[in-house]
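Encoded as structure tokens, the structure appears first; notes follow it.
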Amino acid sequence: MKEELLKEFDEWVLKLSAYQMALSLIGVDKQTLAPQGGAAYRDERTAYLAGEMFSIETDLHMVEVRRQLLAEDIDADKRREIELMDKEIEHILVVPKEMFVSYTKLTAEAYEVWHRAKNAEDYTIFEPVLKKVIEASKQMYACRNSSASMYDQMLDDYEPGMTMEKYDAFFDRVRERLVPLIRKVTEAQQIDDSFLKQPYDVQKQKEYMNRVILPYLGFDSSWGYQNETEHPFTDIICENDIRVTTKYLENNVVSAILSTVHEVGHGYYGHDVAPEYDGTIFNYGISSGMHESQSRLLENYLGRTLPFWEANYPALQETFPEQLKDVTVEQFVRAINVGKPSLVRTEADELTYPLHILIRYEIEKGLFTGTISTENLDRTWDEYYEKYLGVKAPTARQGILQDVHWSGGSFGYFPTYALGSAFSAQFMKAMRCDIDVDELLRSGRFSVIIDWLREHIHRYGCRYNADEIMRMATGEPFNPDYYLDYLEEKYTKLYHL
Ligand code: ZN
């Protein structure tokens with residue numbers, strides 16, 4: 001009896017993972033190579049496949065199978081797997097299929113409209129569809145009949161256990177400590193980073209990426225490849241099929257490099273989850289904050305350090321002698337760590353980044369608690385940027401239209417980015433007690449660092465929740481002070497405050 005139920009459950013998981021793979025690959029294709037002209041045709045069929053997957057996921061017979069299995073004596077891994085799937089499916093089970101299909105169509109359409117609006121630098125093109133996406137999201141969440149507020153439910157979907165109350169407390173501390181620090185940095189003697197923004201031939205950047213950075217990171221073509229896109233992301237098909245994407249900018253030589261280091265951090269997480277968890281929720285269900293903790297750890301805590309560049313700068317200098325021949329590695333590293341209020345989140349530095357997130361958090365909270373509307377949201381956006389960062393976007397392209405997330409109905413996602421950075425600081429502290437990170441970076445033994453991450457974090461996937469992994473890896477619960485101490489120490493030194 002138990003064996004039969006287990007077999008049925010595993011077959012169902014396999015079937016779901018097949019649909020998931022198809023939809024993921026279509027999604028990657030759509031954002032990289034697919035011709036724009038086929039969008040309507042593709043979207044309609046993608047919505048159909050998503051609808052089919054929805055039917056499989058919400059199969060009532062499988063609800064019963066899972067219920068019976070939970071009543072049996074099964075091992076702890078399987079129990080956790082079933083419980084996680086139950087939680088996820090419970091949320092969609094309450095949504096009528098037609099509502100789900102039309103939501104998928106709407107978000108696909110919204111993506112195209114967002115793209116058009118961004119190119120036209122015109123928020124009014126995007127506003128009507130954004131409003132529809134918000135309304136549709138509200139309808140879907142209303143189906144859950146939860147006593148929790150709508151935005152709390154959204155936050156919990158991306159980071160289990162998180163609420164507005166907890167995020168408010170977190171962002172209050174971020175605001176308290178970082179706003180004065182940013183002010184001091186802004187008033188200090190500025191660092192010259194103009195050499196980073198000269199024209200750097202994109203073909204040469206690509207050549208450097210493939211010859212130096214990807215091999216240094218150990219990002220191997222046997223389990224992953226890199227493509228280009230408008231808004232870089234990583235897609236994990238399975239442990240040995242990881243797609244990372246990047247975007248090359250002619251006038252910024254480090255943008256593609258650091259965004260690649262970031263995405264490879266996501267890629268390693270998917271690659272290093274224990275092989276027996278492949279295709280299960282333990283791999284694809286990892287919380288956003290945990291995922292972001294790994295990408296940011298690679299990008300900021302490793303990729304922006306002097307030892308990392310002692311290994312990789314000579315080749316960059318050789319690739320771009322005209323631009324970099326008179327720039328020392330120390331000057332280069334200082335320049336890539338400049339802390340300066342700016343407009344675009346994905347281009348923001350480590351210091352001001354959390355404030356970009358704070359702004360999105362406050363706007364989302366307002367949209368779903370009813371204090372902010374989509375009408376003139378571009379103006380609200382600008383007001384927040386002036387208030388927290390003292391900058392104003394010349395057009396909506398660098399303002400409210402910069403991010404793809406809202407077109408896809410991803411509300412509650414942004415705050416995990418800031419949380420992830422804060423998690424990484426604590427992981428780094430623990431890692432530095434065990435291994436000589438700087439020496440490993442300098443000597444190009446990046447794989448030893450990845451081994452530490454695999455051993456303490458990656459292999460578990462979401463077999464344990466973020467809080468449990470944090471305690472196991474660092475010996476204590478999450479404490480944001482590690483993050484704020486790290487930023488304060490780093491920027492005090494960098495700017496001689
Ligand atoms: Zn990321």
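Bear in mind that the values here come from a model prediction, so they are computed numbers and not experimental data. Each residue takes its place number in the sequence, starting with 1. Hydrogens, waters and symmetry mates play no part in the numbers below; they use all other heavy atoms, side chains included.
Tyr103 pairs by the ring-ring contact (aromatic ring centres under 6.0 Å, His included) definition with nothing, not counting sequence neighbours. Scanning for salt bridge (charged side-chain N to carboxylate O under 4.0 Å, His left out) contacts around Arg445 gives an empty result, with sequence neighbours left out. Every residue two or more places apart in sequence or in another chain that forms a ring-ring contact (aromatic ring centres under 6.0 Å, His included) with Tyr269 is listed here: His291, His458. Take Tyr491 and apply the ring-ring contact (aromatic ring centres under 6.0 Å, His included) test, not counting sequence neighbours, and it matches no residue. The ring-ring contact (aromatic ring centres under 6.0 Å, His included) search around Tyr460 returns Tyr464, not counting sequence neighbours. In terms of the salt bridge (charged side-chain N to carboxylate O under 4.0 Å, His left out) criterion, residue partners of Asp193 (sequence neighbours excluded) are, by chain and number, Lys197. Applying the side-chain hydrogen bond (donor to acceptor under 3.5 Å, both in side chains) criterion to Asn119, with sequence neighbours excluded, gives Arg397. Not a single salt bridge (charged side-chain N to carboxylate O under 4.0 Å, His left out) links Asp29 to another residue, sequence neighbours left out.
A ring pair (Phe, Tyr, Trp, His ring centres under 6.0 Å) check over residues 328-355, counting only residues at least two apart or in different chains, returns the pairs Trp309-Phe332, Tyr313-Phe332. For residues 218-242, every residue pair satisfying the salt bridge (Lys or Arg N to Asp or Glu O under 4.0 Å) rule, not counting sequence neighbours, is listed here: Lys118-Glu230, Lys206-Glu228, Glu230-Lys247, Asp241-Arg243. Counting only residues at least two apart or on different chains, the salt bridge (Lys or Arg N to Asp or Glu O under 4.0 Å) pairs with a member in residues 400-429 are Arg345-Asp403, Arg360-Asp403. Within the structure, salt bridge (Lys or Arg N to Asp or Glu O under 4.0 Å) contacts touching residues 411-427 (residues at least two apart or in different chains) do not occur.
Residue Glu207 is tested with Lys204, Gln203, Arg211, Gln205 for a side chain to side chain donor-acceptor pair (under 3.5 Å); the sole match is Arg211.
Among all heavy-atom pairs drawn from Ile242 and Phe219, the shortest one is O-CZ, 4.1 Å.
Judged by distance alone, the side chain of Gln331 and the main-chain N or O of Thr328 form a donor-acceptor pair under 3.5 Å.
Between Lys392 and Glu386 no salt bridge is recorded (no basic side-chain N to carboxylate O distance below 4.0 Å).
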